[in-house]
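One structure is given here, and the rest of the page talks about it.
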Amino acid sequence: MSGAQPRDAVQEFAYFLTGLAWRLDPEAGWYGVFARRDPDGLRACLEGREVPPWDVVESLLYDLAGLPDEQGASTAGTRARRLHAQAVADIDARPGSRPALEERLTAMVREERRTAQRSRELQEAARTAHPPQARLAEDLAWARDDQARAASRAGELRARLEALGQAETRVPERAGRRKTKRPARPRGARFAGLEVTEETAAEAEEEYVHLPAPAAAQGAAPRGARFGGAWGKGPDDGEGGPADSAPPEAAARDRVAAATAVSRLTRLRATGDGGLAYAELCAAAHRPAVELPLLIEELERAGLSFDVPTLLWEAACLPPDGLAAAADALTAADRGDEGAALLRQAVSRPVVEVARTALALLDRDRGAQALELLAALVRSRTPEEAAAAEAVAPDALGPLLLAAAESVSPHRHSDIAHALRIAHR
């Protein structure tokens, strides 16, 4: 009688993953990318010490589907999803899994913000480069892949926390965690260059996670886009006027465009292709701002309300003029709550960009929204950082910044006033 012990769910998935890897070329495709960028993390997953994020598994399955005469990719995908879910459930059922997941989620949200900022910087550099530089286009494509993977992993972590029965996720305050041992961080999170660093985790302990969940992002970024240098529409494409200012024929075209985009998204949801669905939402966020409230309305009508936070998150990454146009369009369409959420998310951007967004809102006669944006900036940044916004346009933003600080608290108003006085010396 054999004394061999049956494999648990994590070992079973590792056994499957190893078999998949044996069929792939370690020097080519996504397998080659992972092997070069994080060989230790890949080895840990193949040996059953970690379970990789689903987007990594999906990318390996994509490699498998591209092999000549490969007939079992579809079956392998179904089995991979089942085994991966069982392995993750096994890990999450272990003691201490919830705080570890919360910490990873906070760090991954920060990583998503960082990669979004990197994508914006590269997009602007690529747009203004003369002559166009192929290296910038390639770097931008990789940055967007990193951003999509970070969003995918944040969505996966939220889903795991929900499965644990936790409706809202929150990282305990720093004081409650001091001289406590930090849970080990799975190395699989480093795949595709996304590493949760000690510095990121330390920052994560200081804030709560209570953000709209981009639940749509559960797959890899669109394959092949990077190789063609395609990175979507330019930043100017996000601009547009208030929804109620368009003539009837233009309004009809906008509604048809929104309905068409949501129809494509609905089909992608039906096929389970989370990566392409996420790409569709990214493209929708860069459409003319006048379509944004229509897109939200169509998403709600199609039963895809859970995609609205993702759409707003992507819209919050638009250049200042486009972001102001989006907030303007939402307010004009009587969707002030979504407009406020959009502006709150935008304060994670550089202070100069926040200031330019406030100016763009003022140009659109949206003083209340500009005040709300700067109030969110005052709440989330140090007085010195918030006061730096004034330098963009002192006459326009100085009084507004003080008014925003006063709306937060008298103490904050005093801090901002002091920081402005120092800045003027």
Side-chain angles (χ1 to χ4, degrees), residues 9-10 13-14 16-18 20-21 24 29-31 33-64 76-77 79-92 97 100-115 142 144-164 169 183-197 200-201 204 209 213-223 272-279 310:
V10 176
F13 178 76
F16 165 82
L17 196 65
T18 301
L20 172 61
L24 303 177
W30 285 111
Y31 188 26
V33 171
F34 299 147
R36 289 190 296 274
R37 298 183 86 177
D38 186 16
D40 292 339
L42 180 60
R43 188 178 303 110
C45 293
L46 293 175
E47 293 175 356
R49 291 182 280 119
E50 305 291 351
V51 176
W54 174 250
D55 67 274
V56 172
V57 183
E58 191 175 48
S59 295
L60 295 179
L61 290 169
Y62 180 78
D63 285 353
L64 179 66
R79 187 174 177 223
R81 174 65 81 177
R82 176 176 57 83
L83 292 176
H84 185 268
Q86 291 172 348
V88 166
D90 187 4
I91 289 177
D92 292 348
S97 63
L101 286 173
E102 288 173 344
E103 185 181 32
R104 287 185 58 192
L105 175 57
T106 302
M108 196 53 67
V109 167
R110 286 188 177 274
E111 180 67 13
E112 186 178 4
R113 291 174 182 169
R114 185 191 68 78
T115 53
W142 279 110
R144 288 206 158 171
D145 181 76
D146 286 346
Q147 181 185 353
R149 289 184 185 276
S152 170
R153 294 166 193 189
E156 183 178 336
L157 290 167
R158 288 187 179 96
R160 289 169 66 176
L161 281 165
E162 289 177 3
L164 286 175
T169 60
R185 218 161 276 106
R187 306 181 79 174
R190 296 169 50 205
F191 274 119
L194 300 178
E195 180 171 8
V196 181
T197 65
T200 302
V209 174
Q218 295 182 0
R223 285 78 172 188
D273 197 326
L276 290 180
Y278 177 71
T310 307

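None of the values given here were measured: they were computed from a predicted structure. Note: hydrogens, waters and symmetry copies are ignored here, and every other heavy atom, side chains too, is used.
Here the shortest heavy-atom pairing between L60 and L17 reads CD1-CD1, 4.0 Å. Closest approach of A80 and L61 over heavy atoms only: CB-CD1, 4.0 Å. Residue D92 comes nearest to L101 through the heavy atom pair OD1-CD1, 3.7 Å, listed as atom of the first residue, atom of the second, then distance. Of all heavy-atom pairs spanning F34 and L42, the tightest one is C-CD2, 4.5 Å.
When atom types are taken as modelled, the side chain of E112 and the backbone of A154 share no donor-acceptor pair closer than 3.5 angstrom. Remark: the backbone N or O of Y31 is paired with a side-chain donor or acceptor of D63 at under 3.5 angstrom.
Side-chain contact between R153 and V56 is present, with heavy atoms from C-beta onward closer than 4.5 Å. Side-chain contact between L161 and R104: absent, with no pair of heavy atoms (C-beta onward) separated by less than 4.5 Å. Counting only heavy atoms from C-beta outward, the side chains of V33 and W142 approach each other to under 4.5 Å. Two residues are said to be in side-chain contact when any heavy atoms from C-beta on lie closer than 4.5 Å; R149 and P53 fail this criterion. Residues V57 and P52 are in side-chain contact: their nearest non-hydrogen atoms beyond the backbone lie under 4.5 Å apart.
Salt-bridge check for R114 with E111: passed, with a basic side-chain N closer than 4.0 Å to an acidic carboxylate O. Here R43 pairs with D40 in a salt bridge; the nearest charged N to carboxylate O distance falls below 4.0 Å.
Residue R81 holds its CZ atom at 7.0 Å from CD of E58, rounded to the nearest 0.5 Å. In this structure, CG on L157 lies 9.5 Å from OG on S152, to the nearest 0.5 angstrom.
Not counting sequence neighbours, the partners of R82 by the side chain to side chain contact (heavy atoms under 4.5 Å, CB included) test are R79, Q86. A87 is linked by a side chain to side chain contact (heavy atoms under 4.5 Å, CB included) to V10, F13, V51, counting only residues two or more places apart in sequence or in another chain.
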